[in-house]
Peer 1: 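For reference, the structure I am asking about is given below.
As the structure is a computational prediction, the values presented were derived from the model and not from experiment. Chain letters run A, B, ... following the sequence lines, proteins first, then strands; residues in each count from 1.
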2 protein chains.
Amino acid sequence: MQLAVSTVILALRPTPDGSGTTLWLPLVRRIREPFLGAWALPGEPLEEHMSLVEAARARLRHTIGLDPNYLEQLYAFGGVDRSRDGSSPDAPCPERVVSIVYWALVRADEDARMVAGENVAWFPAEQLPALAFDHAAIVDYALARLRAKLEYTPIAHAFLPDEFTLTEVREVYEAVLGRGLDPANFRRQILASGAVEPTGEKVTGTSHRPPSLYRYRPDSVATSPTPPPRSAA
Amino acid sequence: MQLAVSTVILALRPTPDGSGTTLWLPLVRRIREPFLGAWALPGEPLEEHMSLVEAARARLRHTIGLDPNYLEQLYAFGGVDRSRDGSSPDAPCPERVVSIVYWALVRADEDARMVAGENVAWFPAEQLPALAFDHAAIVDYALARLRAKLEYTPIAHAFLPDEFTLTEVREVYEAVLGRGLDPANFRRQILASGAVEPTGEKVTGTSHRPPSLYRYRPDSVATSPTPPPRSAA
DNA sequence: ACAAAAGTGTTAGCGGTACACCCATGT
DNA sequence: ACATGGGTGTACCGCTAACACTTTTGT
C-alpha cells in the first residue's frame, strides 16, 4: 500500500476564446501504467522525511516552479479500487494508493513568472481531458470547495497581487462563481467587511475614471487558511 | 511509515454535575509505547482490504459497539514528529505515523444501547485528561468543525432520535454552541428552514403544555454529509 | 461632446433579534 | 389558581438587491 500526496493547482487566466476569465489547472501526462498516457494531477509518493504539506509544496515547486501563497489540504482519498483502470479491465490490479490531496491558488503576478515543468500542460477547468484514476471527481471537489470558501472567507486575496482595484477583486469573484455581480453593491460589501484598505494611490492611463488601489489588511489570511491546529499539519 | 485511521466520537450527555448537557467522547488507554498508559483517540492501522471510511466504521464498532449514522472525514495529520513523546525525550524515536481522522456523532437513543469496548472510557470534552500524540489538538479541531457545521447544516439531526420536540433540537444547539438561544426565534428559524416537519403527534405527561413531535425531512442528511465525490471516499 | 468605468445615493424587502404576550397542561 | 414550558405576534435593525445617478478620466 502506497501513500501519495497530490495537488490541484488553480489559477485564473483568460478563456480560450479570450472573452472572459476562468480557472485553469496544470496536469501531468502519466508515464507509467495504470492510465499510461492519460492526464493526471501532479503528485508524488510521500517521503519519510517530509510532512504532508511539505510534500505538497515540493510537488508545486516541481510542477510550476514556485511556492504559491495559498495551500490547503483538500481531502484524503482511500477507496480500495481507486487505482484500477476501469477502461482496461484486463490490466493487472495495480498496487493500492491512498492519496492526500492539497489544493493551491496561484496569484496572477506569480502565474506570469511561472516555469512549467516537464510533461506539464494547463487546461481550463471546464474543458478537461479524460483524467486518470478518480482525479476528475477530485477536481470537481476542489472547485466546489473554492466556490464555497469564496463566499465566507477573503480567499480572493490568494489570486491577487499586493495592490489591486476593487474591480479586479470583483472579476475574481465573477470568474470563480461564474456569474456577474453588481459593481456598486460588491464595492460596498467588500469595503464594509474591512478585509481591504485603500493605499491612497490610483491607476492611471485607463481611458476612463482612474480607479483607486487597495491592499488586503495584514490580518487577512496569508497562506494556510483554516488548517487545523497549526503545529500538527 | 505507517498509515492509521483514528476517530473522534461525540455524544451529548448530562454534565458531570447534572446541571446541563455537554459533549462527551470515548478515549482508549494506550497499551504500547510511545505514550504508554496515556489516553488516546480510538484508532487502528489501515488494512489492505479496507477503504478509509470502512476502517473508521470498523473502529467505531469495536470501540462503542455500534454504527453511528454520522461519519465524516476530519483531516489527515502527517507531521514528521507527531508520534514523538515530548515528555520523555530519551525514548527511542518511534516509527512515523500518518493519521487520517474521522469524526462521528452518536444519537441519544443509540448512546443508550451502546456497548463500551475494552480499555474505553468516556470524558466530557471540556475536561479531558492529557492526551497522547497531538490528539488534544485533533479533538479541538473536531469540536470547531462541529460548531461550524451546526450553523449551516442540519447536523443536529445526527444527535436526535427519529421523532423529537423542537425544544430538544434547541437543547442540542445550546449544548454544542455553549450558549442559550431564544426559544421563540429558534422555533421559527428551524421551521422556516424546511428541514423539519410535524408528525402530528404530541408528547403527553409533561406537567405543562404538551409539545408537538417533529421529524427531519427525508432529504435531510442521513450519514456522510458533505463528503467529496461519493464514489471515491 | 461622448463613452466608459469609478463611485455614491436611495429604496424596498428579507431575515435575525428582542421581547411581550397568549395557550395548554399537571399539580 | 398557579407555575411551567409551548407557541404566536410584533416592532426594530442591519444587510442585500436593484437601479438611478454623479464623477473623472481618455479620445
Peer 1: Starting at the 5' end of DNA chain D, which residue's closest nucleotide do you reach first, B:Leu166 or A:His208?
Peer 2: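 Its nearest nucleotide being more 5', the pick is B:Leu166.
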Peer 1: In whole angstroms, how far is the C1' atom of C:dG15 from the CG atom of B:Leu191?
Peer 2: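 Distance check: B:Leu191 CG to C:dG15 C1' gives 15 Å.
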Peer 1: What I want to check is whether the side chains of A:Arg13 and A:Thr21 have a donor and an acceptor closer together than 3.5 Å.
Peer 2: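 Note: A:Arg13 and A:Thr21 side chains miss the donor-acceptor criterion.
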Peer 1: Find the distance A:Asp182:CG to C:dG7:P and express it as a whole number of Å.
Peer 2: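 Nearest whole value for this atom pair: 14 Å.
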Peer 1: Rounded to the nearest Å, what distance is computed from the CG atom of residue A:Asn185 to the P atom of nucleotide D:dG14?
Peer 2: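 Rounded to whole Å, this separation is 18 Å.
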Peer 1: Look at A:Arg209 and D:dT23 and indicate whether a side-chain polar atom (N or O) is within less than 4.0 Å of OP1 or OP2.
Peer 2: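 It does not, given that no N or O in the side chain of A:Arg209 lies less than 4.0 Å from OP1 or OP2 of D:dT23.
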Peer 1: Ring centres under 6.0 Å, that's the criterion: do A:Phe77 and A:Phe133 meet it?
Peer 2: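 Centroid distance A:Phe77-A:Phe133: not below 6.0 Å, so no.
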Peer 1: Look at all strands and tell whether B:Thr167 reaches a base, only sugar-phosphate, or nothing, counting heavy atoms closer than 4.0 Å.
Peer 2: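 Since only primed, P, OP1 and OP2 atoms lie under 4.0 Å of B:Thr167, the category is sugar-phosphate.
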Peer 1: Starting at atom OH of A:Tyr214, determine the distance to atom P of C:dA6, rounded to an integer number of angstrom.
Peer 2: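 After rounding, the reported distance stands at 11 Å.
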Peer 1: Can you check the B:Glu171 CD to D:dG5 P distance for me, whole Å?
Peer 2: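 Taking CD of B:Glu171 and P of D:dG5, I get 10 Å after rounding.
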Peer 1: Assign A:Ala184 to base, sugar-phosphate, or nothing according to its heavy-atom contacts below 4.0 angstrom with the strands shown.
Peer 2: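 If one applies the 4.0 Å heavy-atom cut-off, A:Ala184 turns out to touch a base.
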Peer 1: What's the CZ-P distance between B:Arg187 and C:dC21, to the nearest Å?
Peer 2: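 Computing the B:Arg187:CZ to C:dC21:P distance gives 20 Å.
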Peer 1: If you check the B:Gln189 side chain, which of D:dT23, D:dT8, C:dG16 turns out closest?
Peer 2: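 Closest nucleotide among those given: C:dG16.
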Peer 1: Write down the distance between NZ (A:Lys202) and P (D:dT23), rounded to a whole number of angstrom.
Peer 2: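 Distance check: A:Lys202 NZ to D:dT23 P gives 14 Å.
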Peer 1: Could you tell me if the side chain of B:Leu191 sits less than 4.5 Å from the side chain of B:Leu166, heavy atoms only?
Peer 2: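 Result yes, sub-4.5 Å side-chain heavy-atom pair found.
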Peer 1: Under the 3.5 angstrom rule, does the side chain of B:Ser51 hit a backbone N or O of A:Gly78 as a donor-acceptor pair?
Peer 2: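 Answer holds: no.
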Peer 1: Tell me whether the OP1 or OP2 atom of D:dG7 has a side-chain N or O from B:Ser212 closer than 4.0 Å.
Peer 2: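 So the side-chain polar atoms of B:Ser212 do come within 4.0 Å of the phosphate oxygens OP1 or OP2 of D:dG7, strictly under.
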Peer 1: Which nucleotide wins on minimum distance to the side chain of A:Pro210, given the candidates D:dC19, D:dT25, D:dG7?
Peer 2: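 From the listed options, D:dT25 comes nearest.
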Peer 1: Could you tell me whether a side-chain N or O of B:Arg59 sits under 3.5 Å from a main-chain N or O of B:Glu44, the two making a donor and an acceptor?
Peer 2: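 A pair under 3.5 Å: no.
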Peer 1: Taking CZ from B:Phe186 and P from D:dG6, how many angstroms apart are they, rounded to a whole number?
Peer 2: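 Result: 12 Å.
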Peer 1: State which of D:dT8, C:dA18, C:dT8 makes the closest approach to the side chain of A:Arg188.
Peer 2: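 From the listed options, C:dT8 comes nearest.
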